[in-house]
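Report on the following structure.
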There are 2 protein chains.
Amino acid sequence: MISNISCSTCIIKSSAAKALSPEQLNELGNNCVQIDFKKGDVIFKEGTFSVNITYLREGVVKLHTEGKASQILKITKGPKYLGIPTTFEEKINHYSATALEDSHICFIHTNIFKSFIEENKKFAYEIIVELCNSELELFQKCVNRTKNNVYGRLAHALLFFQEKIYESNSFHLPLSREELGNFINITRESVSRVLTELDTDKIIKIKGKQIEILNADALRKLSAV
Amino acid sequence: MISNISCSTCIIKSSAAKALSPEQLNELGNNCVQIDFKKGDVIFKEGTFSVNITYLREGVVKLHTEGKASQILKITKGPKYLGIPTTFEEKINHYSATALEDSHICFIHTNIFKSFIEENKKFAYEIIVELCNSELELFQKCVNRTKNNVYGRLAHALLFFQEKIYESNSFHLPLSREELGNFINITRESVSRVLTELDTDKIIKIKGKQIEILNADALRKLSAV
DNA sequence: ATTAACAAATGATACAAATCACATTTTATG
DNA sequence: CATAAAATGTGATTTGTATCATTTGTTAAT
């Protein structure tokens, strides 16, 4: 579903877009289209041409590689730009993006995005800040994934969904056991085993994909590097 | 050793610095100091205040975490900015940087760096390009480290030094076996074992830290995800 | 409702890599 | 140059997690 949008009146602006002038916002609106994606929909695909900057206005999205042993590189919640690195100087997407929850995404012409960087210092500055934070998070993830065992990695992932995505002790996991495994690099079977064990120990309560965190401190202890 | 420098006449400019005007280069020279580091010297340390952007003009540097089980996040060669993410909006360094080869590093006042981003569109643009490439590389590394076994990871590391750092089939490894292990997340013992095996198979030739790549294709095959 | 198709749980087994223990070589130090 | 200290090599053993095999539960389709 495609919507005509007015960026000027949009209330979910990125920190960068907040820096745009009324004229620039108008220009953005004319070079930008919002598309609604349902849970599971592919937003862009590894190997295809990348012609737009994608702005995740609202929703939850995973960035992932393709292939049988797909790996989830990142899970992120709006508002946030998706995959600037894969679009900016690259012609081809280096990874795919798929909606984990119903999402609203604005596709912005790369050229207009680049022109904003050149014309608006604050805009460029905010984009740089976002890229910097993204790299720091990625380092964090790298350390966690290599220093922790399956318990620590799973605990880390659960805390991530609790704190960063749903901001609630109780949430519906948007991933299958297999996908959760691809996120933290363990097998589907091990995910099952560890989840039941955490449930038995009353650290979490599981009912299918519904998860309740009962003892966040225990999870923090487990995921401590 | 501290040198007075003239950024105007510097011939090892970053792509971003190439975009600066003569006046800006002059200003940069006045707000920037070049320091020479010897192999092994600490450039900045995790947990300390970050007050400068560090530009690795020449040399090879590792970014790494501290602690007994230190992890090498990234190894990079000049010319390149080091750790913009850890300096930009952050007050505290999230990781350390240590010279792996004698290196020349320019410490640039964060404020002047930020002012260039605001005043010079091309400068900001180039910084964004560098950050984007950095993130893509990091994703690559993540995939390699989790999808490959010890042979693949070690092969990948050897090709990295050959292609990206020394651009030669023969090079002096700037890391101990233990550090190499910290780079690709395997133990010192396994590094030894795999290296001798690769030597036995005539894929590489080792003599202490001196390494010669005899069969790069075999390494490529091993490191293919 | 009933069957099919898929996702998840669970137990048994296999295996890669870590750990442990010690020998050997290399590098640093008085 | 001798000695200590550190780095590296290598075999034996242990261990965490993947893999395999099967059962159980859940969702979708007729």
Within-4.5 Å side-chain heavy-atom neighbours: His64(B) and Thr98(B): yes

Base of dT19(C) paired with side chain of Arg193(B) (donor-acceptor, under 3.5 Å): yes

Protein-nucleotide distance (Glu178(A), atom CD; dA9(C), atom C1'), rounded to Å: 14 Å

Atom-to-atom span, CG of Leu175(B) to P of dA6(D) - whole angstrom: 20 Å

Toward the 5' end of DNA chain D, by each residue's nearest nucleotide, Asn148(A) or Arg188(B): Arg188(B)

Phosphate contact (dA18(C) OP1 or OP2) by Thr187(B) side-chain N/O below 4.0 Å: yes

Side chain of Ser176(B) - closest among dT17(D), dT19(C), dT8(D): dT8(D)

Sugar-phosphate only, base, or nothing, as touched by Lys207(A) at under 4.0 Å among non-hydrogen atoms: nothing

Atom-pair distance (CD on Glu197(A); C1' on dG16(D)), nearest Å: 13 Å

Sugar-phosphate only, base, or nothing, as touched by Ser192(A) at under 4.0 Å among non-hydrogen atoms: base

Rounded distance (Å) that lies between atom P of dA18(C) and atom CG of Asn185(B): 9 Å

Lys/Arg-Asp/Glu bridge criterion (N-O < 4.0 Å) met for Glu58(A), Lys80(A): no

Separation of dA18(C) P from Lys147(A) NZ (nearest whole Å): 11 Å

Arg177(B) side-chain proximity, nearest of dT19(C), dT8(D), dA21(D): dT8(D)

Flag for Tyr81(A)-Ser14(A): side-chain donor and acceptor within less than 3.5 Å: yes

Touch class at under 4.0 angstrom, heavy-atom based, for Leu195(B) against every strand present: nothing

Nucleotide dT15(D), atom P - distance to OH of Tyr151(A) in whole Å: 14 Å

Main-chain N/O of Ser192(A) paired with Arg177(A) side-chain donor or acceptor, under 3.5 Å: no

Ion pair check, Lys62(B) and Glu179(B), cut-off under 4.0 Å: yes

Spacing of Asn149(A) atom CG relative to dA17(C) atom P, expressed in whole Å: 17 Å

Glu189(B) CD - dC22(C) P separation (whole Å): 14 Å

Phosphate-side-chain proximity, Ser190(B) and dA16(C), N/O vs OP1/OP2 below 4.0 Å: no

